[in-house]
Student: 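Once you've had a glance at the structure underneath, I'll fire off some questions.
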Amino acid sequence: MPLAFAHDQPAARIVFGAGAFERLADELEDRRWLVVHSGSQADAAARLGERLGERCAGTFGEVRRHVPVELADRARARFEELGGEGLVAVGGGSAIGLAKAIALTAQVPIVAVPTTYAGSEMTSIYGLTADGRKHTGRDESVRPRDVVYDPDLSRGLPREVAAPSAMNALAHCVDALWAPGATPVTTLLAQEGARALREGLEAMERERLLYGAALAGWALGVAGAALHHRICHILGGAFDLPHAETHSAVLPQVTALNAPALPEAARAALGGDEPAAAIFDLARRAGAPVALRDLGLREDELDAVVAAVVEEAAGNPVPVDETTARALLRRAWAGDRPAQTPPSRAGNAP
Ligand code: NAD
């Protein structure tokens, strides 16, 4: 088959390395920056504020997951009141998500300093929650202009947050292998990201994990999301499940479904002949959830989302009907170790 693809990747400056955050104030231009931060990053935000001096409009540490619209409105009002002209987001996906909500209306640049492995820093996707429903959209104005990955900031991430967060990043790599925007470049990123994340998870090695997460975010930002993310989005929206933990429990089962359609190089990057079982075992060793029931979901609640999963599975390399979707959800709920999935020539992903 002839090789043909469009790799649409808007430029962002990416800086990776221990100590990069401590140098950030010297790199930022003259404008009034509001530092939005996760609760855990209050000290780092205060340090940056001090170094910025007059260029710091203030700090904002009230951050909640899924960005409730009332919180976004309050943060936008505060940004205006302080005369903000730019945003530095230091923290997890929730802090970056709040900065995106402000940038969406204020149209100012974001500098993202991710301290988890969520990947939001590399996308133009924003999310806002109103009346219990999460609305997501895409807008180039929310894509961070600069991204600083500093492993020193993620060292404090407790293992019970780090392990599911790394599984969430691994899910970006897996989905990127068959997502609609996949290109040979995103496939390379996803494969190398998966290798780094698997090694990082085995040893809980923070620099390796952040490197893998950076590649995963990059792949996700260009390739987009596919069936795995759609299932997690449906579950998260319907039952308010925790983000990274839900990814961790669902990933082995979606990998089992699609593994037969994966080319050899991708299977190798995900763990070999039995990638789904390898991912499942890795999650268990790292202490990340493998069962939705451990997140508080009841088995009888699954029926409510089967039809939505089938609808969202259009374009998946392996066809999904109601029976397949129900079985997949049931296994993710129970935390069953995936059975071996033999390779097939049908429907190879790019
Ligand atoms: P999070 O930002 O809520 O952080 C999880 C917890 O970890 C928080 O309590 C936080 O304070 C703490 N924490 C963060 N960094 C820490 C550190 N270095 N040390 C100690 N504690 C630390 O969760 P998340 O998983 O990073 O992000 C999830 C959110 O991001 C969800 O709302 C999800 O929808 C969104 N998201 C968006 C995109 C996108 O492209 N828009 C992509 C991925 C995730």
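When a ligand or atom number is given, it counts from 1 through the structure's own listing order.
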Student: Using side-chain heavy atoms (C-beta onward) and a distance below 4.5 Å, is E85 in contact with R32?
Tutor: yes
Student: Going by the angle between their ring planes, with limits at 30° and 60°, are Y149 and F16 parallel, tilted or perpendicular?
Tutor: tilted
Student: Please determine, by modelled atom types, if H66 and H243 share a side-chain donor-acceptor pair under 3.5 angstrom.
Tutor: no
Student: Please evaluate residues F60 and L82 with respect to the criterion side-chain contact (heavy atoms from CB on, under 4.5 Å), reporting the C-alpha separation (whole Å), side-chain torsions for both, the decisive distance (0.1 Å), and the verdict.
Tutor: CA-CA 11 Å; F60 193 94; L82 292 168; over 6 Å; no
Student: Mind checking what residues have non-hydrogen atoms under 4.0 angstrom from ligand 1?
Tutor: S38, S40, Q41, H66, G92, G93, S94, K100, T115, T116, A118, S120, T123, I125, K134, L153, S154, G156, L157, P158, V161, H243
Student: Taking the side chain from D150 and the backbone from A20, do they hold a donor-acceptor pair closer than 3.5 Å?
Tutor: yes
Student: Indicate the ring-plane relationship of F5 and H7, choosing parallel, tilted or perpendicular according to the 30° and 60° boundaries.
Tutor: perpendicular
